[in-house]
Amino acid sequence: MVLWVFAYGSLVWNPGFDFDERIVGFIKDYERVFNLACIDHRGTPAYPARTCTLEAKKGAVCWGSAYCVTGDREKEKAAIQYLERRECEYDMKASVDFYKEDDPIKPAVTGVLVFVSTPDKEANRYYLGPAPLEEMARQIATASGPCGNNRDYLFLLEKAMYDIGHEDGRVVELANEVRKVLARLKEKKIAASHASIKSHLPRMQLSPLPETTVVNSR
């Protein structure tokens, strides 16, 4: 048995399951978007994180990694079970062709498994949909959950794509906007701290010095 899994989010830097081979490449006609809620890892039901999913777009290319699991059926079953638990917000599985940089025409691997989500808020309760860049950045900058905060997810993905030699412009743009939000939040925190310190300082009342008479000895 041979199982191939395409990674485009946290699986790129943290697969979490046993695999036998990893190759860098891309799939076609899908784009990476931050339109999916995460309420159990890097967010909560009250304050969901934004994580990435794939949405169909003709002519688009999404870079990532493909992991190969070979061996007996039990090994493949263990990988699938692990992924289904971890990727529980994704309500669909798709089979895609995977390409390598040295041959963008002929697939290097066919029938690669990828977890995706239905882009419909009524059909998929985890689907958040698109939002303005600044709004997404504020959400990512402040959300956190049992496995860490949302911003680290984004920054780690940014680094992972850089490490495989294929930065994602959308990821970089969003990461830079999150950094701006964090900088503003830090400035507000410092200003509030200074204001608090100032409000707790004792007030000092200065009294004028008494006038003195200068005697001319000449």
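Residues: numbered from 1 along the sequence shown.
- Here the side chains of Phe115 and Arg86 are not in contact, with every heavy-atom distance at 4.5 Å or above.
- A ring-centre distance under 6.0 Å is found for Phe17 and Tyr67.
- From Lys57, atom NZ reaches atom OH of Tyr30 across 15.0 Å, with rounding to the nearest 0.5 Å.
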*For Lys93 and Val114, run side-chain contact (heavy atoms from CB on, under 4.5 Å): C-alpha distance rounded to whole Å, both residues' side-chain angles, the deciding distance at 0.1 Å, then the answer.*
CA-CA 6 Å; Lys93 298 172 187 171; Val114 60; over 6 Å; no

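- Side-chain atoms of Cys62 and Leu54, non-hydrogen and from C-beta on, do get closer than 4.5 Å to each other.
- Of all heavy-atom pairs spanning Gly9 and Leu157, the tightest one is O-CD1, 3.9 Å.
- Expressed to the nearest 0.5 Å, how far OG1 of Thr53 lies from CD of Glu87 amounts to 9.5 Å.
- Rounded to the nearest 0.5 angstrom, Glu134 CD and Met136 CE are separated by 10.5 Å.
- Summarising the geometry of Pro146 relative to Gly43, their closest heavy-atom pair is CD-O, 4.0 Å, with the distance given to 0.1 Å.
- Stacking of Lys28 on the aromatic ring of Tyr99 is recorded, both the 6.0 Å distance cut-off and the 45° axial limit being met.
- Tyr47 OH: 12 or fewer foreign heavy atoms inside a 6.0 Å radius.
- In this structure the side chain of Val69 never reaches within 4.5 angstrom of the side chain of Asp18, judged on heavy atoms.
- When hydrophobic clusters are built by joining Ile, Leu, Val, Met, Phe, Trp and Tyr residues whose side-chain heavy atoms come closer than 4.5 Å, directly or via intermediates, Leu174 is grouped together with Leu156.
- Between the side chain of Arg151 and the backbone N or O of Ile140 there is no donor-acceptor pair closer than 3.5 Å.
- Proximity of a side-chain donor or acceptor of Gln139 to a complementary backbone N or O of Pro48 within less than 3.5 Å is detected.
- Taking Ser144 as the reference, nothing meets the side-chain hydrogen bond (donor to acceptor under 3.5 Å, both in side chains) condition, with sequence neighbours excluded.
- Formation of a donor-acceptor pair under 3.5 Å by the Asp20 side chain with backbone atoms of Thr70 is found in this model.
- For the ring pair (Phe, Tyr, Trp, His ring centres under 6.0 Å) test with Phe26, the passing option among Phe6, Phe98, Trp63 is Trp63; the others fail.
- Contact of the Val178 side chain with the Phe155 side chain is registered, since non-hydrogen atoms from C-beta on lie closer than 4.5 Å.
- Across Ala175 and Leu154, no two heavy atoms sit closer than the pair CA-CD2, 3.5 Å.
- Side chains of Tyr153 and Phe34 form a contact here, defined as non-hydrogen atoms less than 4.5 Å apart.
- Taking a 6.0 Å sphere around CD of Glu21, one finds it holds more than 12 heavy atoms contributed by other residues, nucleotides or ligands.
- How far CD of Glu55 is from CG of Asn35: 5.0 Å, rounded to the nearest 0.5 Å.
- Linking Ile, Leu, Val, Met, Phe, Trp and Tyr whenever their side-chain heavy atoms come within less than 4.5 Å puts Leu83 and Val2 in one cluster.
- Cluster annotation: Phe19 and Ile80 are assigned to the same hydrophobic cluster (Ile/Leu/Val/Met/Phe/Trp/Tyr, side-chain heavy-atom contacts under 4.5 Å, transitive).
- Hydrophobic clustering keeps Met161 apart from Val172 (ILVMFWY residues linked when any side-chain heavy atoms are closer than 4.5 Å, directly or through intermediates).
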*Do Ser117 and Glu89 pass the side-chain contact (heavy atoms from CB on, under 4.5 Å) test, and can you show the C-alpha distance, the side-chain angles, and the key distance before you say yes or no?*
CA-CA 7 Å; Ser117 57; Glu89 287 92 358; over 6 Å; no

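- Between Lys77 and Asp72 there is no side-chain heavy-atom pair separated by less than 4.5 Å.
- Applying the salt bridge (charged side-chain N to carboxylate O under 4.0 Å, His left out) definition to pairs two or more places apart or across chains, those involving residues 156-179 are Glu31-Arg170, Arg32-Asp168, Glu158-Arg179, Lys159-Asp163, Glu177-Lys180.
- Using a 4.5 Å cut-off between side-chain heavy atoms of Ile, Leu, Val, Met, Phe, Trp and Tyr, with links allowed through other members, Val61 and Tyr162 fall into different hydrophobic clusters.
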*Hey, mind stepping through Val24 and His166 against side-chain contact (heavy atoms from CB on, under 4.5 Å) and telling me if it holds?*
CA-CA 9 Å; Val24 173; His166 294 281; 4.2 Å; yes

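- Asn150 places no side-chain N or O within donor-acceptor distance of the main-chain N or O of Ala49, the cut-off being under 3.5 Å.
- Side-chain atoms of Lys121 come within 3.5 Å of backbone atoms of Leu128 as a donor-acceptor pair (strictly under, hydrogens ignored).
- Smallest separation of non-hydrogen atoms from Tyr127 and Asp120: CD2-N, 3.5 Å.
- Residues Thr44 and Ile39 form no side-chain contact, since every pair of their non-hydrogen atoms from C-beta on lies 4.5 Å or further apart.
- When all heavy atoms are compared, the tightest approach of Asp29 to Gly59 is OD1-N, 2.8 Å.
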*Given side chain to side chain donor-acceptor pair (under 3.5 Å), test Thr118 with Asp91 step by step and report yes or no.*
CA-CA 7 Å; Thr118 305; Asp91 62 335; 2.6 Å; yes

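- Residues Cys52 and Tyr8 are in side-chain contact: their nearest non-hydrogen atoms beyond the backbone lie under 4.5 Å apart.
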*Taking it one step at a time, do Ser10 and Val12 satisfy side-chain contact (heavy atoms from CB on, under 4.5 Å)?*
CA-CA 5 Å; Ser10 60; Val12 178; over 6 Å; no

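- The shortest non-hydrogen separation linking Asp97 to Ile27 is O-CG2, 3.4 Å.
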